[in-house]
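The first residue of the sequence shown is numbered 1, and numbering continues consecutively from there.
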Amino acid sequence: MANTLLTPTAVTREALRILHQKSTFLGSINKQYDPSFAKDGAKIGDSLKIRLPNQYTVRSGINMAAQDTVESSTTLQVATVKGVDMAFTSQDLAMSINDFSAQFISPAMDVLAANIEADALTMIRDVYQSSNNVAAAITMANVMGGRKKLQDALAPMEGRTCLLSTNDNSLLVTALNAQFNDQKSISKQYLDGYMGHAAGLDFMETSLLNNQARGAGASYVVNGANQTGSAITVGTGTGLIDVGSIITFAGCNRVHPETKADTGILQQFVVVSTNATNATSITISPSIVITGALQNCAAAPTTTGAVTILGTASTSYGQSLVYHKDAFTFATADLPLPKGAVDFAAREVMDGISMSICRGFNIADRTFPTRIDVLYGFKTIRPQLACRLANLAGS
């Protein structure tokens, strides 16, 4: 009989397969799965400690100058649950898995994948580098500017993606048509949104990238010499600087990540918390560090120097994203399955994503209430391996 195919495992695997295909961004970043979150007798709470790469300084001369190894880590919370709830009749379940997938599973996975991806894409606000083309349509030169940022950050060559907003894709695709004829790339189009490979980047498209708001902030200057860290005192300016805005400080250049040589290019920062309309301090990321193994700036901002905010005052701009997969991490964990009276329950893992399905039975009307759940968290781990493409705002 056809309905013998609708086993808990078959339904869960089919749902997870569809979710995986619908997840453009999640399919291109680092994913982690840890079964110990929900293991009986071995629960680890709701967070993972992720170790960051160690950094050192280089000695000049014959005399040894030993330096301590100070390991650093960041915490990723796995505490968000999103799911889809449905109810089936006995007749609905008397189908083959293909019919059941088309009618029920696929529409449910469409909306679940979109909501999880939209949630994860808020990580773009952690990205402090930008290839600036704010007042104009995206160009290939704009994309290559983003690629240069990855090169300058020493991002590995493999695993790089250019994720275009639908607006940017519509403007750029004509220029790229001739570059997407490689048969090997065409054969990889199993992933929704995959366009092709060019300039060392996998090009993909998403409708889930939003415009970046640009407040009315203007005329801010640095107020005080030798400022470092994540909070910079400013003065004289007016207007709001929106969270996610990219700014620079006069006199504060970035350095080469290994040699620490002054590049002569201003270090970019992202505003990470809302400030008052007439701000006296701006909270930024990354923190300004001017010495040691973690040095990222050649000097502190110049006192009374200008604070430049990317974009035009009170005008939003569009954005796409170039990144290496290790810039971001998405983690899922197993939700415990019920042991009581349920019709069926199953859990499956695919490519680092864990999903569970539980189905009950309502004897009054012979319906089967069903829930599909994903427990997840995400974190920007190495924002230096990503760059926004700031362009004309999409409609």
Side-chain angles (χ1 to χ4, degrees), residues 19-31 113-134 137-151 153 155-177 179-180 185 188-212 244 246 270 316-330 351-353 378-394:
L19 179 77
H20 181 263
Q21 289 181 332
K22 301 292 184 182
S23 301
T24 304
F25 178 59
L26 297 185
S28 62
I29 65 174
N30 187 311
K31 290 186 290 299
N115 277 268
I116 294 176
E117 285 241 318
D119 200 12
L121 276 169
T122 60
M123 289 189 284
I124 194 173
R125 291 181 297 187
D126 302 328
V127 176
Y128 56 81
Q129 299 186 115
S130 176
S131 177
N132 182 16
N133 196 42
V134 168
I138 189 172
T139 64
M140 194 58 188
N142 185 214
V143 174
M144 295 305 289
R147 182 184 182 278
K148 179 183 182 298
K149 298 279 189 181
L150 268 60
Q151 288 290 103
M157 292 299 296
E158 295 295 323
R160 296 183 181 187
T161 298
C162 179
L163 186 64
L164 297 170
S165 69
T166 50
N167 185 66
D168 285 347
N169 179 54
S170 66
L171 297 170
L172 187 65
V173 70
T174 301
L176 295 179
N177 275 341
Q179 301 185 55
F180 290 158
S185 293
K188 290 172 60 181
Q189 292 181 4
Y190 63 87
L191 185 64
D192 284 4
Y194 183 83
M195 295 161 51
H197 186 86
L201 301 167
D202 285 332
F203 281 78
M204 300 185 182
E205 179 185 20
T206 180
S207 62
L208 301 173
L209 282 171
N210 297 321
N211 293 335
Q212 171 62 48
I246 292 176
V270 63
S316 297
Y317 56 86
Q319 52 187 356
S320 291
L321 190 62
V322 173
Y323 55 92
H324 183 267
K325 66 178 182 178
D326 290 338
F328 311 104
T329 293
F330 180 87
D351 194 20
I353 297 178
F378 51 82
K379 183 92 171 184
T380 303
I381 302 298
R382 303 177 70 186
Q384 68 271 31
L385 301 185
C387 179
R388 301 191 218 180
L389 307 178
N391 301 291
L392 198 65

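A side-chain contact (heavy atoms from CB on, under 4.5 Å) with Arg388 holds for exactly one of Ile124, Leu209, Val322; it is Ile124. With Phe378 as the partner, the side-chain contact (heavy atoms from CB on, under 4.5 Å) test is satisfied by one option alone out of Thr122, Asn30, Thr329, Ile116: Thr122.
Contact check for Phe328 versus Val127: side-chain heavy atoms found under the 4.5 Å cut-off. Residues Met123 and Phe25 form a side-chain contact, since some pair of their non-hydrogen atoms from C-beta on lies under 4.5 Å apart. At least one side-chain heavy atom of Arg147 sits less than 4.5 Å from a side-chain heavy atom of Arg160. Side-chain atoms of Ser131 and Val143, non-hydrogen and from C-beta on, never get closer than 4.5 Å to each other. At least one side-chain heavy atom of Leu164 sits under 4.5 Å from a side-chain heavy atom of Ile138. Between Ile29 and Tyr323, some side-chain heavy-atom pair lies under the 4.5 Å cut-off.
With values rounded to the nearest 0.5 angstrom, Asp202 atom CG is found 11.0 Å from Lys325 atom NZ. Interatomic distance, CG of Asn142 versus CG of Asp168, reported as 7.5 Å (0.5 Å rounding). If you take CD on Glu117 and OG on Ser207, they are separated by 9.0 Å, rounding to the nearest 0.5 Å. Separating the CG atom in Leu321 from the CG atom in Leu121 is a distance of 7.5 Å, to the nearest 0.5 Å. Of the inter-residue distances, the one linking Lys149 atom NZ with Leu385 atom CG reads 13.5 Å to the nearest 0.5 angstrom. With values rounded to the nearest 0.5 angstrom, Ser320 atom OG is found 13.5 Å from Met204 atom CE.
The heavy-atom pair separating Arg125 from Val270 by the smallest distance is O-CG2, 3.3 Å. For Ala199 against Met144, the heavy-atom pair with the smallest separation is CB-SD, 3.7 Å. The two residues Pro156 and His324 make their nearest non-hydrogen contact at O-CD2, 3.4 Å. Residues Ser130 and Ile246 approach most closely at CB-CD1, 3.4 Å, considering heavy atoms.
Under the side-chain hydrogen bond (donor to acceptor under 3.5 Å, both in side chains) criterion, Asn132 pairs with no residue at all, not counting sequence neighbours.
Between the Asn133 side chain and the Leu389 main chain, no donor and acceptor come within less than 3.5 Å of each other. Between the side chain of Lys31 and the main chain of Leu26, a donor-acceptor pair closer than 3.5 Å is present. A distance-only check finds no donor-acceptor pair linking the side chain of Thr161 to the backbone of Leu163 [under 3.5 Å].
In summary, the side chains of Ser316 and Asn211 do not present any donor paired with an acceptor at a separation below 3.5 Å, with no hydrogens or angles considered.
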